[in-house]
Number of protein chains: 2
Amino acid sequence: MAIWQHGGMPSSKNTQFAVAVHVLTYLAGQVERGPVSSDELSASTNVNPVHVRRVLGPLREAGLVCSRPGVHGGWELATPAEEITLARVWRLLQGADPVLGLHGPNPDCPVGRGVQRSLAAIDGAVAEAVAAELERSTVQDILAREVQGACSVPGQA
Amino acid sequence: MAIWQHGGMPSSKNTQFAVAVHVLTYLAGQVERGPVSSDELSASTNVNPVHVRRVLGPLREAGLVCSRPGVHGGWELATPAEEITLARVWRLLQGADPVLGLHGPNPDCPVGRGVQRSLAAIDGAVAEAVAAELERSTVQDILAREVQGACSVPGQA
DNA sequence: CCTAACTGTAGCTGTTGTGATTACGAATCA
DNA sequence: TGATTCGTAATCACAACAGCTACAGTTAGG
């Protein structure tokens with residue numbers, strides 16, 4: 001028994017963060033070349049071009065990248081790679097979604113409410129811890145780990 | 001490791017952690033009463049009894065709780081509440097699942113491989129940071145925040 | 001025994017989130 | 001004008017989570 005509608009709580013399987021980091025690193029390595037099309041980024045990340053643009057949307061609004069339509073359009077880094085921390089990217093894409101999963105408690109149960117409140121507070125602390133850890137890496141750091149040259153997708157250079 | 005076909009990588013969709021913490025706290029408050037049925041736990045957590053048992057499975061294997069079938073069966077805490085850190089619970093339920101989402105990169109792209117490796121390392125560090133944060137709270141701590149008495153589901157006490 | 005009350009698990013279903021795909025409009029440059 | 005590329009909406013397929021039912025295995029009590 002217990003047919004209460006169960007609390008739908010978001011927090012999901014974001015591949016978006018990984019895709020974003022990948023794209024930013026790619027762009028950081030192609031700064032000299034000018035705009036890069038989402039088609040090329042799509043080939044590098046192995047995801048759909050539309051998905052690339054969707055992921056890059058929030059990053060553009062935050063000023064990390066910029067895009068231009070048209071014949072020689074595409075995407076460019078709008079912030080130096082060494083100033084883009086992974087924490088910033090993560091916060092942009094994760095939003096306010098809980099890191100740990102919370103669940104809709106039974107309003108009739110005092111334990112439910114108490115646990116819920118405690119858990120929400122702890123989730124916040126965890127989110128801060130994650131951000132703090134991600135603050136330690138920048139896109140530049142990741143790019144620096146990449147090998148030297150030959151960083152293009154075959155058939156696009 | 002790392003099946004590159006397309007993203008099937010887990011992240012945090014688990015309500016299980018929250019349910020587990022809830023149940024453990026409930027059990028910690030009912031230690032004197034003897035075994036608690038998963039039906040009662042189900043009413044408190046507002047999830048299905050079967051789901052409760054599924055979540056509690058790993059915790060029992062780890063020795064945190066124990067269960068007995070039969071007429072007066074149910075679940076009991078098998079470890080003092082002050083020794084159960086949330087980190088332990090989290091690690092049991094999270095397993096080796098990545099905290100941030102990784103994605104299947106393009107094997108033909110050197111950037112892909114590099115980013116992938118970096119991201120995996122960072123994910124490990126983040127997981128440690130999360131665990132460290134969760135190490136600071138125990139089930140006893142959460143129970144202590146609960147109010148005094150009247151911690152049963154109406155109709156069950 | 002036999003029944004009732006539990007756990008333990010398998011199987012199916014409904015819902016939801018994610019990403020692929022297509023399509024179309026807007027902007028830019030030759 | 002026409003080709004290229006972004007921006008976005010709409011739709012589809014797939015997988016994960018959880019709800020639910022059903023049934024087998026255990027235990028207590030008559």
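Owing to the predicted nature of the structure, the values given are computational and were not obtained by experimental measurement. Reminder, nothing fancy here: chain letters follow the sequence lines and each chain counts from 1. Worth knowing before you read on, the calculation uses all heavy atoms, side chains too, and leaves out hydrogens, waters and symmetry mates.
In this structure, CG of N14(B) is placed 18 Å from P of dA15(D), rounded to the nearest angstrom. Rounded to an integer number of Å, the gap from W75(B) CH2 to dA5(C) C1' is 15 Å. What separates CZ of R53(A) from P of dT22(C) is a distance of 13 Å, to the nearest Å. As a whole-Å value, the separation of R54(A) CZ from dA20(C) C1' is 9 Å. Separating the CG atom of L41(A) from the P atom of dA20(C) is a distance of 14 Å, rounded to the nearest angstrom. Going from atom NE2 of H103(B) over to atom P of dC14(D) covers 22 Å, rounded to whole Å. Atom C1' of nucleotide dT8(D) and atom CG of N48(A) are separated by 13 Å, given to the nearest angstrom. Separating the CD atom of E76(B) from the P atom of dC6(C) is a distance of 14 Å, rounded to the nearest angstrom.
Toward the 5' end of DNA chain C, the nearer of the two residues V36(B) and V50(B), judged by each one's closest nucleotide, is V36(B).
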I'd like a table of donor-acceptor pairs (distance under 3.5 Å, sequence neighbours excluded) in which one partner is a side-chain atom from residues 77-84 of chain B, with atom names and distances.
unit_1, atom_1, unit_2, atom_2, d
T79(B), OG1, G63(B), O, 3.0

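OP1 or OP2 of dT7(C) lies within a sub-4.0 Å distance of a side-chain N or O belonging to S38(B).
Checked against side chain to side chain donor-acceptor pair (under 3.5 Å), S118(B) has no partners two or more places apart in sequence or in another chain. Partners of S38(B) according to the side chain to side chain donor-acceptor pair (under 3.5 Å) rule, which considers only residues two or more places apart in sequence or in another chain, are R53(B). Under the rule for a side chain to side chain donor-acceptor pair (under 3.5 Å), the partners of D141(A) that lie at least two apart in sequence or sit in another chain are T138(A).
Nearest heavy atom pair, residue A20(A) against residue V89(A), reads CB-CG1, 3.8 Å.
Judged purely by atom type and a 3.5 angstrom limit, S137(A) has no side-chain atom pairing as donor or acceptor with the backbone of L86(A).
Picking from dG19(D), dT21(C), dC6(D) the nucleotide with the shortest atom distance to the side chain of H51(B) gives dG19(D).
Across all strands, G57(B) comes closer than 4.0 Å to no nucleic acid atom at all (heavy-atom distances).
Evaluation of the salt bridge (Lys or Arg N to Asp or Glu O under 4.0 Å) test over residues 120-138 of chain A, restricted to residues two or more places apart or in two chains, returns R91(A)-E135(A), E133(A)-R136(A).
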Pairs under 3.5 Å (N/O, protein and nucleotides 23-28 of chain D):
unit_1, atom_1, unit_2, atom_2, d
dT27(D), O2, V71(B), N, 3.3

